[in-house]
Amino acid sequence: MEQKEVAGQMCLYHHVGQKRVLPVDSLLQQVIAEARRLGIPVSEHILPHVLINKRATGRFGACFANKHTGVFQIEISDVLLKASEDACRQTLAHEVLHTCYGCQNHKKRWNRYAEMMNEAYGYQISRTDTPERLGVESKRVVRYMVACDNCGAEIPRARKSRVISHPEDYRCAKCGGRLSRKEPVEKSYDKRTV
C-alpha cells in the first residue's frame, strides 16, 4: 500500500496485481466540488469515505441515506477500482446527485442535474450503465430467463424467483404480453443500474 497526498488529503493507493486502485475518497471530494461549482445543491452531509462493495453484481454504485441523521453514504462496486478514473468519477457523480433534495430517484430534477454535470465535465451520467461503457468486467451471471411471447423482451435473473417459477402469473411491463420461461442460461449480463 502506498500513501500519497492529493489536494491536501492523504490517500491510500492499493495495488491489485500490477495496477493501482483509484483513490476513491479523493475522487468523491472532487466530484462534490464539481457539482457545487455548478450550483447543484448536493448535501452537506455526505460521509467522506466511500464504501467498496465486493458482492454487488446488479449495480455499480448506491447512495444510502440514514433516515435518523440525514447523513448519506456512497458505495461503489469493487469492479470500479480497476476501471478508469473517468468511469469511477462518473459513477460517484451519479450517486452524489442522489444526495440533492428530491433526487432520490431518476426523475426530472435528478436528470436536470445529471445533464448539467454531463455538459460541464464531459460525463455520460445516465440512469443505468453497462460494463462495456465503463470499461469494466461484468460480474453478473444470468442463470434464468423469462421472455415476453409478444414483443420478445427478456428478463434475466441470477436467482430463481416467483417470476421464474410462475411466469404465467405475470405480464410484460413493455407490452402487457404473456411471459414464458426460457431454458436456463449461464452468461454475463451487461445492463446494470448505477
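These figures come from a predicted structure and were not determined experimentally.
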Using the rule given for side chain to side chain contact (heavy atoms under 4.5 Å, CB included), can you reason through C103 versus L97, listing the C-alpha separation, both sets of side-chain angles and the distance that settles it, and then say yes or no? CA-CA 7 Å; C103 291; L97 295 179; 5.6 Å; no
Is any side-chain heavy atom of V136 closer than 4.5 Å to a side-chain heavy atom of K82? no
Can you confirm whether M117 sits close enough to L38 that some side-chain heavy atom of one is under 4.5 Å from a side-chain heavy atom of the other? yes
Nearest non-hydrogen partners of [X] and [Y], listed with the distance:
X: V31; Y: A93; value: CG1-CA, 3.3 Å
X: V96; Y: I32; value: CG2-CG1, 4.0 Å
X: K107; Y: N105; value: N-OD1, 3.1 Å

Going from [atom1] on [X] to [atom2] on [Y], what distance comes out if it is rounded to the nearest 0.5 angstrom?
X: L47; Y: F64; atom1: CG; atom2: CZ; answer: 12.5 Å
X: D149; Y: S180; atom1: CG; atom2: OG; answer: 3.5 Å
X: I155; Y: C172; atom1: CD1; atom2: SG; answer: 6.0 Å
X: S126; Y: N118; atom1: OG; atom2: CG; answer: 8.0 Å
X: H94; Y: I74; atom1: NE2; atom2: CD1; answer: 10.0 Å
X: L179; Y: M145; atom1: CG; atom2: CE; answer: 12.5 Å

E119: what forms a side-chain hydrogen bond (donor to acceptor under 3.5 Å, both in side chains) with it, not counting sequence neighbours?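 None.
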Partners meeting side-chain hydrogen bond (donor to acceptor under 3.5 Å, both in side chains) with S165 (sequence neighbours left out): none
Show your working on side chain to side chain contact (heavy atoms under 4.5 Å, CB included) between E95 and Q73 and close with a plain yes or no. CA-CA 9 Å; E95 301 309 334; Q73 174 70 66; over 6 Å; no
Working note: L92 + F60, criterion side chain to side chain contact (heavy atoms under 4.5 Å, CB included); need CA distance, chi angles, decisive distance, verdict. CA-CA 9 Å; L92 290 169; F60 292 115; over 6 Å; no
May I ask you to check whether D129 and Q124 show a side-chain donor-acceptor distance below 3.5 Å? no
Does one side chain, of E34 or Y123, offer a donor that lies under 3.5 Å from an acceptor on the other?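 Short answer, yes.
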Connected via hydrophobic side-chain network under 4.5 Å: V71 and I76: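 V71 does not cluster with I76.
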Can you run down the side-chain hydrogen bond (donor to acceptor under 3.5 Å, both in side chains) pairs that involve residues 35-53, sequence neighbours left out, and say none if there aren't any?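 Found D25-H49, N53-E75.
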Run the salt bridge (Lys or Arg N to Asp or Glu O under 4.0 Å) test against [X] and tell me which residues pass, sequence neighbours left out.
X: E85; value: R89
X: R171; value: none
X: D78; value: K139

Residue R178 excluded, over 12 heavy atoms near CZ under 6.0 Å: no
